[in-house]
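Predicted model, so just to flag it, every value in this text is computed and none were measured. Each chain gets a letter, A, B and so on, in the order its sequence line appears, and its residues count up from 1. Every heavy atom of this structure was used, including side-chain atoms; hydrogens, water molecules and symmetry mates were not.
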There are 2 protein chains.
Amino acid sequence: MNNSKEIKKTGNIRLQSQNKILMAASTEFVLQGYRGATVQSIADRANLPKANILYYFKNKENIYHAVLEHTLQMWDEGIGDINPEDGPKAAIEKFIDAKVRMSFKHPESSKIYAMEIIQGAQHLKDFARTYQRKWVREKAQLFQQWIDNGEMRDVDPVHLIFLIWSSTQHYADFETQILTIMNRADYEDEDVETVISFLTDMILRGCGLK
Amino acid sequence: MNNSKEIKKTGNIRLQSQNKILMAASTEFVLQGYRGATVQSIADRANLPKANILYYFKNKENIYHAVLEHTLQMWDEGIGDINPEDGPKAAIEKFIDAKVRMSFKHPESSKIYAMEIIQGAQHLKDFARTYQRKWVREKAQLFQQWIDNGEMRDVDPVHLIFLIWSSTQHYADFETQILTIMNRADYEDEDVETVISFLTDMILRGCGLK
DNA sequence: TCATCTGTTGACCATATAGTTAAGTTTTTT
DNA sequence: AAAAAACTTAACTATATGGTCAACAGATGA
């Protein structure tokens, strides 16, 4: 007990610092890109001396790896599963709902992910090649079954997934543009619901489910 | 005549070099980001000595400005106009068609644009605040009229524009991911048509136009 | 109290990079 | 052909940056 308490205590300091660093680093990586984000700028944002940053993470690339790992975890949690028993309508509704909420809740994750892909997915190629490809194949097959059963219109399932990804992530990645165009300073809670119902409506109709 | 010929000649050398530099710079900026793209790397890609790059463009930021200007010109040309006389169906068809073709033809422009927006649109805020906002307002009004006339379903015109932007640009920006997932090396000509017909079909249905 | 482990930090270094300069070469003009 | 303008480029400079190190501080356990 005494032992575990002590471990927890030191562990907390570690985790606290690491978290502070990762948050600061995420912001810097989004704002300045990988090369543009300097260890010093991350340190400044985290209110820690540079050497302290490099005590917790051996080097800049390791910080980035940790940020990416966190991003992928978000992606994984936020994807919202598509279950056979839901049927196409509920499945699409849940999927869109999860992705939109994720976009509004963790825009930095979406942005870091987007920048990685745009720049050629150097660090994520394996992820896309294995995990993601498998995920898309599986879900596409599911949609295809629903199509074959006449439960939804005959639309290309893979492109359908791309459509849902792109239209939902857009609100995170292009936040700046969207807010500027709508002449607003920030998103509000009701925006999430508006977007969900707009996209759900459009896409369900596109799939002949409404 | 002699005079104009000579001017043209020198002008050509200038333009040729500048173009070579801008192409190389675009690639580097996409691949490495603004800070990550070094003048040397641009020089290498353009097969010119570094000092020569800086003879044509006073500094790195000027290169970037020139690249962005080119990007915005692409955006402007590729947006495809939305005309009142087309009616909603043809208008949406034309709009999607233009955007998708642009995405497949000039993915680097789309990528540079996307990275700028994701990073906070430091260099494009004015563009979005004036030109783009006006464009969206105008086109949204047009859609609203069609809606009021009962020519299309009552969907939020602004979000409709966002949907078309996001879903079409996705094929440029997330090229790497899409190709990896589809287990392909490159896009083919027929992909453009597939995407156009998929998105047109989905979105027209969403708008009750099919 | 002493020893050890964890964390903190200023000072330092090697290197990469943006940008300058000066000495050229080539092209254009007169 | 001579002068001027446009272009080319190696060498250099100042600075920013990633990363190391060594000295120190604080907690923990015996």
message = Among B/K50, B/Q32, B/E28, exactly one meets side-chain hydrogen bond (donor to acceptor under 3.5 Å, both in side chains) together with B/S41. Which residue is that?
response = B/E28
ask   = Is a donor on one side and an acceptor on the other found under 3.5 Å between the side chain of B/S166 and the backbone of B/L163?
value = yes
ask   = In terms of ring plane angle, is the pair A/Y64 and A/H123 parallel, tilted or perpendicular, where the classes change at 30° and 60°?
value = perpendicular
message = Can you tell me how the ring of B/F127 sits relative to the ring of B/Y131, calling it parallel under 30°, perpendicular over 60° and tilted otherwise?
response =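 Parallel.
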Under 3.5 Å, which N/O atoms of the protein pair with N/O atoms of nucleotides 21-24 of chain D?
none

key: B/F29 six-ring centre to B/K111 NZ/CZ under 6.0 Å and within 45° of normal   = no
task = Measure across B/E108 and B/K105 and return the closest heavy-atom pair with its distance rounded to 0.1 Å.
result = OE2-O, 4.0 Å
key: Side-chain N,O (A/R14) to OP1/OP2 (C/dG7) below 4.0 Å   = yes
request  = Could you tell me if the ring centre of A/H106 sits under 6.0 Å from that of A/Y113?
outcome  = no
query = Of the residues in residues 22-44 of chain A, which ones touch DNA chain C at a heavy-atom distance under 4.0 Å?
reply =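 Hits under 4.0 Å, by residue number: A/R35.
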ask   = Does any residue of residues 60-70 of chain B have a heavy atom under 4.0 Å from DNA chain C, and if so, which ones, in number order?
value = B/K60
query = Residues in side chain to side chain donor-acceptor pair (under 3.5 Å) with B/Q169, at least two apart?
reply = B/K99
inquiry  = Once side chain to side chain donor-acceptor pair (under 3.5 Å) is applied, do any residues pair with A/E188, and if so which ones, sequence neighbours excluded?
reply    =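 Side chain to side chain donor-acceptor pair (under 3.5 Å) check on A/E188 returns nothing, list empty.
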query = Taking for each residue the nucleotide of DNA chain D with the nearest heavy atom, is it B/K50 or B/S17 whose nucleotide lies nearer the 5' end?
reply = B/S17
task = Quick one: label B/N52 by what it contacts on the DNA or RNA (base, sugar-phosphate, nothing), any heavy atom closer than 4.0 Å.
result =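 Base, at least one base heavy atom under 4.0 Å.
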Heavy-atom side-chain contact between A/V192 and A/Y187 under 4.5 Å = no
query = To the side chain of B/N59, which of C/dG19, D/dG19, D/dT8 is closest?
reply =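 Among the listed nucleotides, the one closest to the side chain of B/N59 is C/dG19.
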request  = State which of C/dA18, C/dG7, D/dT9 makes the closest approach to the side chain of A/Y55.
outcome  =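 My answer, after comparing the listed nucleotides, is C/dG7.
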inquiry  = The criterion is ring-ring contact (aromatic ring centres under 6.0 Å, His included); which residues satisfy it with A/Y55, sequence neighbours excluded?
reply    =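 ring-ring contact (aromatic ring centres under 6.0 Å, His included) check on A/Y55 returns nothing, list empty.
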What is the distance, rounded to the nearest whole Å, between atom [atom1] of [X] and atom [atom2] of [N]?
{"X": "B/L54", "N": "C/dT17", "atom1": "CG", "atom2": "P", "value": "14 Å"}
{"X": "B/N47", "N": "D/dT9", "atom1": "CG", "atom2": "P", "value": "11 Å"}
{"X": "B/L15", "N": "D/dC7", "atom1": "CG", "atom2": "C1'", "value": "15 Å"}
{"X": "A/Q16", "N": "C/dG7", "atom1": "CD", "atom2": "P", "value": "12 Å"}
{"X": "A/Y56", "N": "C/dT9", "atom1": "OH", "atom2": "C1'", "value": "12 Å"}

